There are 2 protein chains.
Amino acid sequence: MKKSIAQRAQQERQTIVEGVHDQKRERILDVARELFFRQGFAGTTMADIVEQLGVTKPYVYYYFPSKNDLFETLCWQASHACLTAMHFDKDDPRTAVEKLHEGLHRFAAANIVHFKAGTFFYRESGVLRAPLQRKLRTLARRFYDELCELLEQGRQDGELDFDNTKLTALAIGSIAGFMYTWYRPDGRIGPEDMVGQLQNILLKIAGAKVPAAKRKGAGTKN
Amino acid sequence: MKKSIAQRAQQERQTIVEGVHDQKRERILDVARELFFRQGFAGTTMADIVEQLGVTKPYVYYYFPSKNDLFETLCWQASHACLTAMHFDKDDPRTAVEKLHEGLHRFAAANIVHFKAGTFFYRESGVLRAPLQRKLRTLARRFYDELCELLEQGRQDGELDFDNTKLTALAIGSIAGFMYTWYRPDGRIGPEDMVGQLQNILLKIAGAKVPAAKRKGAGTKN
DNA sequence: CCTACCGATCGGTAGG
DNA sequence: CCTACCGATCGGTAGG
């Protein structure tokens with residue numbers, strides 16, 4: 001059944017309204033992310049957020065039921081992106097090291113993109129309510145399980161060299177997790193470059209053989 | 001001039017009083033450290049602390065002028081211990097790599113001992129007032145400067161292998177700095193063991209040649 | 001060193 | 001009568 005012109009126009013208006021709604025929601029999230037990042041959850045008041053936005057509190061409360069939900073939304077978005085980086089299809093035909101290469105690249109990239117909200121989970125897990133905390137802990141456990149599995153398989157293949165598996169995985173996670181203290185997008189090393197450099201350091205912790213082509217000055221040294 | 005018996009006794013009483021004073025102060029710091037670690041600065045109320053201590057608020061305020069001072073005392077103790085680990089005398093005769101070995105061991109050990117308050121500086125720098133923030137930033141800068149110098153000298157000596165110096169130093173700092181999220185003293189790996197394992201990972205990031213004697217299964221491999 | 005409080009500021013919501 | 005808001009103020013609680 002064909003839609004009438006009136007119906008189409010109505011639907012279009014609806015889409016625009018939804019777009020505006022989402023835009024306003026996103027702007028709130030942007031401001032909140034920045035403030036929570038700089039001042040922490042408890043150190044940021046709703047008054048701070050609405051002041052920065054140039055709106056009133058009910059404006060924000062129309063889009064989010066509470067300060068806590070605002071924080072949890074940001075936390076989930078970022079942590080989900082970072083912690084699913086090491087996930088691969090069961091029937092992915094590649095070797096463990098090939099998958100590790102791609103996984104660590106995705107992990108580094110996700111942490112660069114989400115470096116502000118990416119560590120809310122670690123820094124302020126006390127703020128998160130039990131359900132989200134459980135979901136995130138499950139996600140984190142799976143991330144480390146998958147990473148550990150790739151590490152051990154790669155070592156069996158003779159492609160990796162490290163001592164304690166769990167500790168190696170934690171060291172890899174630590175570098176990404178602590179990045180928020182020093183990485184800035186407008187710093188000396190740009191985001192794209194940083195992803196590659198981080199990936200290399202993470203691979204080094206796993207004791208991966210660095211491809212000759214990727215070595216600095218390879219072939220021209222002495 | 002000899003002290004009278006009365007003077008000696010007075011001095012002794014004074015010493016005991018000071019000892020008790022310090023003990024009470026330490027107990028407050030212990031409880032506060034634990035709570036700040038678990039709940040963050042703003043998430044911890046003075047009521048939480050006094051309840052845990054079984055005292056009243058004025059009791060704590062007799063020993064510390066403010067909640068902020070309590071936090072800053074803990075922060076300074078821990079960060080100072082961790083960030084001076086890479087300091088050596090100007091006329092220390094050892095090679096850069098020898099110093100790096102010891103420095104990273106000290107750094108790992110300090111971070112293990114102070115793992116609770118060691119990251120207050122990074123996690124909640126917004127809480128610290130300007131003077132302490134400056135002192136700590138200076139300390140951190142010197143730590144990284146000294147670390148970078150050792151790294152570059154070691155590389156020149158042909159003993160180390162890494163790409164970007166600053167990023168390598170930051171990666172080393174990151175592992176220690178993020179440790180608080182996963183290290184627990186009663187975990188599978190004990191404190192002494194953990195220091196050695198951490199040190200090895202940090203040396204690996206710097207691209208140090210691992211002494212054959214330290215390699216797992218060295219000499220018996222194949 | 002406690003009981004009893006204070007000025008201020010918090011997250012969240014009322015009516016229109 | 002709906003939505004998307006505003007000015008004003010709520011009940012509770014923070015540090016001191």
Side-chain angles (χ1 to χ4, degrees), chain A residues 6-7 9-29 31-36 38-75 120 124 126-129 132, chain B residues 13-14 16-29 31-33 35-36 38-75 120 124 126-129 132:
Chain A
Q7 278 175 328
Q10 165 61 20
Q11 194 185 18
E12 204 158 282
R13 272 196 300 275
Q14 191 58 36
T15 306
I16 289 168
V17 168
E18 278 172 10
V20 170
H21 179 93
D22 287 351
Q23 271 171 31
K24 291 185 176 180
R25 220 182 110 93
E26 283 307 314
R27 215 170 83 78
I28 293 171
L29 286 172
V31 167
R33 185 187 299 110
E34 181 65 31
L35 289 173
F36 286 146
R38 280 183 359 218
Q39 309 170 1
F41 176 79
T44 302
T45 68
M46 290 303 281
D48 291 337
I49 294 172
V50 300
E51 192 199 13
Q52 184 75 27
L53 282 163
V55 301
T56 59
K57 280 195 243 185
Y59 179 104
V60 173
Y61 279 100
Y62 173 78
Y63 293 94
F64 296 93
S66 72
K67 185 188 173 189
N68 223 295
D69 282 87
L70 205 43
F71 188 76
E72 292 191 349
T73 301
L74 292 166
C75 193
F120 287 172
E124 316 217 48
V127 170
L128 308 175
R129 287 163 296 194
L132 183 63
Chain B
R13 272 197 299 276
Q14 191 57 37
I16 289 167
V17 168
E18 279 172 9
V20 170
H21 184 279
D22 288 350
Q23 272 171 31
K24 291 183 177 178
R25 222 183 109 93
E26 282 308 314
R27 215 170 83 76
I28 293 171
L29 287 172
V31 167
R33 185 187 299 109
L35 290 173
F36 286 146
R38 278 176 9 211
Q39 309 170 0
F41 177 79
T44 301
T45 68
M46 289 303 280
D48 290 338
I49 295 172
V50 300
E51 192 197 14
Q52 184 75 26
L53 282 163
V55 301
T56 60
K57 282 194 242 180
Y59 178 104
V60 173
Y61 279 100
Y62 173 76
Y63 294 93
F64 296 93
S66 72
K67 184 188 175 191
N68 223 294
D69 282 87
L70 204 45
F71 188 77
E72 292 191 350
T73 301
L74 293 165
C75 193
F120 287 172
E124 316 215 48
V127 171
L128 308 175
R129 287 163 295 195
L132 183 64

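Note that the structure is a prediction, hence the values are computed from the model and not measured. Because only heavy atoms are used, hydrogens play no part in the values below, and waters and symmetry mates are left out as well, while side chains stay in. Residue numbering restarts at 1 for every chain, and letters A, B, ... go by the order of the sequence lines.
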Visitor: Rounding to an integer number of Å, can you tell me how far Ile28(B) CD1 sits from dC1(C) P?
Guide: 10 Å
Visitor: Find the distance Lys24(A):NZ to dT3(D):C1' and express it as a whole number of Å.
Guide: 10 Å
Visitor: Using Watson-Crick pairs (N1 to N3, plus N6-O4 or O6-N4) and G-U wobble pairs, both distances under 3.5 Å, which stems of at least 3 pairs involve DNA chain D?
Guide: none
Visitor: Rounded to the Å, how far apart are Gln39(A) CD and dC10(C) C1'?
Guide: 15 Å
Visitor: Tell me the interatomic distance from Arg25(A), atom CZ, to dT3(D), atom P, rounded to whole angstroms.
Guide: 18 Å
Visitor: Classify the side chain of Lys67(A) and the base of dG11(C) as holding, or not holding, a donor-acceptor pair under 3.5 Å.
Guide: no
Visitor: Would you mind telling me which of dC1(C), dA4(D), dA8(D) lies closest to the side-chain atoms of Tyr62(B)?
Guide: dC1(C)
Visitor: Whole angstroms only, please: what is the CD1-P distance between Ile49(A) and dG11(C)?
Guide: 8 Å
Visitor: Quick one: Phe64(A) CZ to dG11(C) P, roughly how many Å, whole number?
Guide: 16 Å
Visitor: What integer distance in Å separates Tyr63(B):OH from dC1(C):C1'?
Guide: 9 Å
Visitor: Between Phe71(B) and Leu128(B), does the side chain to side chain contact (heavy atoms under 4.5 Å, CB included) criterion hold? Intermediate values first, please.
Guide: CA-CA 8 Å; Phe71(B) 188 77; Leu128(B) 308 175; 3.8 Å; yes
Visitor: Kindly indicate, with the supporting measurements, whether the criterion side chain to side chain contact (heavy atoms under 4.5 Å, CB included) is fulfilled by Thr45(A) and Ile49(A).
Guide: CA-CA 7 Å; Thr45(A) 68; Ile49(A) 294 172; over 6 Å; no
Visitor: Would you say Leu53(A) and Val31(A) make side-chain contact, with heavy atoms under 4.5 Å?
Guide: yes
Visitor: Parallel under 30°, tilted from 30 to 60°, perpendicular over 60°: which one fits the rings of Phe36(A) and Phe120(A)?
Guide: perpendicular
Visitor: Using every non-hydrogen atom in the two residues, find where Gly43(B) and Ala42(A) come nearest and quote the distance to one decimal.
Guide: N-CB, 4.2 Å
Visitor: How far does the C1' atom of dA8(C) sit from the matching atom of dG12(D), given to the nearest Å?
Guide: 13 Å
Visitor: Return the nearest nucleotide to the side chain of Thr45(A); candidates are dC6(D), dG16(D), dC10(C).
Guide: dC10(C)
Visitor: How is Tyr59(A) classified with respect to the nucleic acid when contacts are heavy atoms under 4.0 Å: base, sugar-phosphate, or nothing?
Guide: sugar-phosphate
Visitor: Nearest to the side chain of Thr56(B) - dT3(C), dG15(D), dG12(C)?
Guide: dT3(C)
Visitor: With a 4.0 Å cut-off, would you call Asp69(A) and Arg129(A) a salt bridge?
Guide: yes
Visitor: His21(A) vs Tyr62(A) aromatic rings, parallel, tilted or perpendicular, using cut-offs 30° and 60°?
Guide: perpendicular
Visitor: For Leu35(A) and dG11(C), what is the distance between atoms CG and P respectively, to the nearest whole Å?
Guide: 12 Å
